[in-house]
Amino acid sequence: AAAMRHLPYFCRGEVVRGFGRGSKELGIPTANFSEQVVESFPSDISTGIYYGWACVGNGEVHKMVLSIGWNPYYKNVKKSVETHIIHTFKEDFYGEILSIVIIGYIRPEKNFDSLDALISAIQDDIEEANRKLDLPEHLKLKEDNFFHMPESKLVNGH
Ligand code: ADP
Ligand code: MG
């Protein structure tokens, strides 16, 4: 319930380089938001895995899973926000504007004993996101005007 309080949450910002944790090598690249965008999130938003919709520039709206976690660059006192878009892109899109709406919470952050366990958890997350986002009430948000006004800096509360 605490995790849902801020949802749906609309957010837009530039895609920056992450920590090179090798997400892409695992087949699950995550587009990282800048520190400034992360700072604009509600400070009490729960860390963990979420699902929602995402759009790069003026592109199509795709399903996504998102992690809000602790940022190792800042000794885990700052959060990081990373979006894995459930779509195969031809090219990287660093520097582009990513628009997202976060709709639902999947699970808290976890530590895994092995890489295989981590990958299989993420595959479960993606499956759950896929299923939830097919619900009519979620499909409505895919059509939200937010995704069609890229000039606006609209973020919840601004
Ligand atoms: P970094 O540590 O720089 O974030 P990643 O391995 O997490 O590196 O890869 C993220 C980058 O991959 C994104 O910034 C984006 O440019 C690119 N990318 C390609 N396909 C996707 C996708 N489906 N979802 C998210 N990012 C993607
Ligand atoms: Mg990343």
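Ligands are counted one by one from 1 in listed order, and the atoms in each one are counted from 1 as well. Because the structure is predicted, anything quoted here is derived from the model rather than measured.
The ligand atoms of ligand 1 that sit less than 4.0 angstrom from a heavy atom of Val15 are 14 (O). Listed by number with element, the atoms of ligand 1 under 4.0 Å from a non-hydrogen atom of Thr83 are 25 (C). Taking every non-hydrogen atom of Phe19 and a distance limit under 4.0 Å, the qualifying atoms of ligand 1 come out as 2 (O). Interface atoms of ligand 1 facing Asn32, defined by a heavy-atom separation under 4.0 Å, are 4 (O).
Contacts of Asp92 with ligand 1, taken as heavy-atom pairs under 4.0 Å, involve both backbone and side chain. In Phe93, the parts holding a heavy atom less than 4.0 Å from any atom of ligand 1 are both the side chain and the backbone. The proximity of His87 to ligand 1, defined as any non-hydrogen pair under 4.0 Å, is limited to the backbone.
Atom 23 (N) of ligand 1 has as its closest protein heavy atom Ile85 O, 2.8 Å.
Of the residues listed (Lys79, Arg17, Lys78), the one engaging Glu35 in a salt bridge (Lys or Arg N to Asp or Glu O under 4.0 Å) is Lys78, and it is the only one.
Distance NE2/His87 to NZ/Lys90: 7.5 Å, rounded to 0.5 Å.
Tyr50 does not carry Arg107 over the face of its six-membered ring by the limits of under 6.0 Å from the centre and within 45° of the normal.
Distances between N or O atoms of Gly18 and those of ligand 1 include at least one value under 3.5 Å.
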